[in-house]
Amino acid sequence: MGGALAKLKRGPLAVTKDNVEDFMQQFDTIVSDCDGVVWTPLKGIPNAKEGLESLKAAGKKVLFVTNNSVLPPFKKFERIGYPVEQNEVVYPAIAIGRYLEKIGFKKKAFVMGVEHFKDQLRSRGVTVVPEKRTSELMEENLVAMLNAIQEDTEIGAVIVDLDVNVTFMDMVIATNHLRRPDCMFLVGATDTFVTFDEGKILLGPGHFIRTLEECSGRKAEQIGKPGAMMVSEYLKEIHDLDMSRTIFVGDSLVQDMGIANACGMKKLLVLSGMTQLKDLETCDPQLLPDYYIDSIGDFHTLLGQKGA
Ligand SMILES: [Mg+2]
C-alpha cells in the first residue's frame, strides 16, 4: 500500500496500531460522511458499526454529515444497529431548511430535488414550487416552451439538489428565475459523479448546477459539502464544537477533504468508498488527507479492546 504513495513528498499517514494513540489524542469529535464510510448503497461496510462504537467508547463525540438528501439516513443507521439522534446527522435538505427559517424566508422556492428534500423544506414553512410534479410531456414546439415560463416575482430562491426526475424545462425555468438578482441560488449536493462498487457510475447534480451557473451567469451558494455550512452553521452551533479538535472522516477528496479544509478540521480518508490510494498522487495537494485508513471498521481492531 505504501508504494502507491511513494511519489508524494509528504504523504498522509496510515493510522496503525503504532500511532493510533497519538492519533486519538488529537481530537474530541469525529464528523463522518455516510455513503462510502458507514455503508455503500448496495451493501454494508464490514465492522462499520463496531468501529463507530469503539470511537464512541473511547470518549469521542461522533456526528454525521452526508450530501445525500434522497432518503433520510436514520433508518439505515437503525438497520446496522447504530441508532443516532436527529441532531447528530445533517444533510443539505436539513441545513437549507434551517437556513431559510433562520433568515426569515417568506417567499416561494423553485426546487429541483427529490420528494424527501422538498418535504424537509416544507416542514420549515417554505412554499415549494412546483407543488406537484407533472407527468405530462412538454409539447415539442418553441411557443409551448415560452408559454411554460411564467414570471413570478414571489419566487425568492432556486434550490437545486439531486433530482432523479429533472427535465429540460426545469433547467429552462430555473434559469429564467435566476435572471432576477434578488432570487437566491442555493445548492445542496454538488457531486458530479457518485461512484461505488459494482463498476457503475451515477451522475450527481453537479453537472446540472454548473449548467445553471453558466446559463444564468450566477454563482450558486453551496450549502452541501464541500461548502462549510452543514458543519460551521449546524453541527458546530448545536454541539458547540472546537474545530481544531475535530476530524472529518470521508471517502471523497473534493467533498469530504474539501469541507474539512473549509472548516479547519483535520482530515481522515477511508479507502472503503470512491477514492483509492493511487488517486492521491494526482489530486490537488490541498485535498490531501492528514491520515488514511482502509475502513472505519478498522477502529474496531485498533481500539476494540481498549474502547470496550
Ligand atoms: Mg461518501
Side-chain angles (χ1 to χ4, degrees), residues 5 8-34 36-38 48 51-67 84-92 94-95 98-99 102 190 221-273 275 280 283-296 298-300 302-303 306-307:
L5 293 179
L8 291 173
K9 281 195 188 110
R10 237 166 28 101
L13 281 176
V15 182
T16 63
K17 63 176 174 17
D18 296 329
N19 65 9
V20 69
E21 246 172 68
D22 284 350
F23 170 82
M24 293 291 284
Q25 275 169 15
Q26 293 181 48
F27 54 86
D28 308 314
T29 305
I30 291 159
V31 182
S32 176
D33 175 36
C34 297
V37 181
V38 186
L52 292 168
E53 281 171 350
S54 298
L55 288 163
K56 241 180 160 174
K60 308 301 175 191
K61 188 188 274 285
V62 183
L63 305 169
F64 299 92
V65 172
T66 171
N67 265 4
V84 292
E85 302 287 329
Q86 288 281 333
N87 69 10
E88 291 175 336
V89 179
V90 62
Y91 47 96
I94 293 181
R98 185 171 184 261
Y99 171 69
K102 216 165 154 185
T190 51
E221 268 184 76
Q222 200 162 68
I223 310 296
K225 300 179 291 183
M229 187 188 272
M230 292 201 286
V231 170
S232 66
E233 289 187 37
Y234 189 86
L235 293 179
K236 184 172 185 277
E237 281 181 16
I238 291 175
H239 298 276
D240 195 22
L241 302 182
D242 173 356
M243 290 293 108
S244 70
R245 300 274 310 156
T246 302
I247 191 160
F248 196 94
V249 185
D251 69 311
S252 140
L253 292 170
V254 173
Q255 275 77 30
D256 296 332
M257 303 304 112
I259 190 174
N261 284 344
C263 300
M265 296 180 277
K266 290 195 180 67
K267 294 168 275 187
L268 170 63
L269 178 77
V270 291
L271 304 174
S272 50
T275 304
L280 301 185
C283 86
D284 174 351
Q286 303 270 358
L287 298 177
L288 280 176
D290 301 297
Y291 296 94
Y292 68 90
I293 194 164
D294 281 346
S295 152
I296 197 136
D298 292 2
F299 284 110
H300 175 54
L302 292 171
L303 302 170
K306 261 173 273 166

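All residue numbers in this chain count up from 1 along the given sequence.
Asn19 places a side-chain N or O within 3.5 Å of a backbone atom of Ala14 that can act as its donor or acceptor partner. Within the 3.5 Å criterion, the main-chain N or O of Asn87 finds a donor-acceptor partner in the side chain of His239.
Applying the side-chain hydrogen bond (donor to acceptor under 3.5 Å, both in side chains) criterion to Lys267, with sequence neighbours excluded, gives Asn261. Residues passing the ring-ring contact (aromatic ring centres under 6.0 Å, His included) test with Tyr91, sequence neighbours excluded: His116. By the side-chain hydrogen bond (donor to acceptor under 3.5 Å, both in side chains) test, Ser252 is found to be paired with Gln255, residues two or more places apart in sequence or in another chain being considered. Residues passing the side-chain hydrogen bond (donor to acceptor under 3.5 Å, both in side chains) test with Glu233: none are found, sequence neighbours excluded.
Between Val62 and Glu88, every side-chain heavy-atom pair lies at or beyond the 4.5 Å cut-off. Considering only heavy atoms from C-beta on, Val249 stays 4.5 Å or farther from Phe299 through its side chain. Side chains of Phe23 and Ile247 form a contact here, defined as non-hydrogen atoms less than 4.5 Å apart. With a 4.5 Å cut-off on side-chain heavy atoms, Leu241 and Lys61 count as touching. When side chains are defined from C-beta on, Asp294 does not count as touching Ser272, because their heavy atoms never get closer than 4.5 Å. A 4.5 Å side-chain heavy-atom check between Val65 and Tyr234 finds every atom pair outside the cut-off.
Closest approach of Lys17 to Leu302, counting heavy atoms only: N-CD2, 3.4 Å. Summarising the geometry of Asp242 relative to Thr246, their closest heavy-atom pair is O-OG1, 2.8 Å, with the distance given to 0.1 Å. Shortest non-hydrogen contact noted between Leu288 and Cys283 is CD2-SG, 3.8 Å. Minimum interatomic distance between Pro289 and Leu253 (heavy atoms only, all atoms of both residues): CD-CD2, 4.5 Å. Between Pro92 and Met230, the closest heavy-atom pair is N-SD, 3.5 Å.
Atom-to-atom distance recorded for Ser54:OG and Asp298:CG is 11.0 Å, nearest 0.5 angstrom. Rounded to the nearest 0.5 angstrom, Leu280 CG and Met257 CE are separated by 9.5 Å. One finds the CD1 atom of Ile259 at 8.0 Å from the CG atom of Asn67 (value rounded to the nearest 0.5 Å). With rounding to the nearest 0.5 Å, the separation of CE in Met24 from CG in Leu303 is 4.5 Å. For the atom pair CG of Leu52 and CD1 of Ile296, the computed distance is 4.5 Å after rounding to the nearest 0.5 Å. Remark: Asp290 CG to Leu268 CG distance equals 9.0 Å, nearest 0.5 Å.
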Cut-off 3.5 Å, no hydrogens considered: what does the side-chain donor-acceptor table look like for residues 25-32, sequence neighbours left out?
{"unit_1": "Gln26", "atom_1": "NE2", "unit_2": "Tyr291", "atom_2": "OH", "d": "2.5"}
{"unit_1": "Asp28", "atom_1": "OD1", "unit_2": "Arg245", "atom_2": "NE", "d": "3.4"}
{"unit_1": "Asp28", "atom_1": "OD1", "unit_2": "Arg245", "atom_2": "NH2", "d": "2.8"}
{"unit_1": "Asp28", "atom_1": "OD2", "unit_2": "Arg245", "atom_2": "NE", "d": "3.1"}

Please tabulate, one pair per line, all N/O donor-acceptor pairs under 3.5 Å involving side-chain atoms of residues 221-229, not counting sequence neighbours.
{"unit_1": "Gln222", "atom_1": "NE2", "unit_2": "Thr190", "atom_2": "OG1", "d": "3.3"}
{"unit_1": "Lys225", "atom_1": "NZ", "unit_2": "Asp33", "atom_2": "OD1", "d": "2.8"}
{"unit_1": "Lys225", "atom_1": "NZ", "unit_2": "Asp256", "atom_2": "OD1", "d": "2.7"}

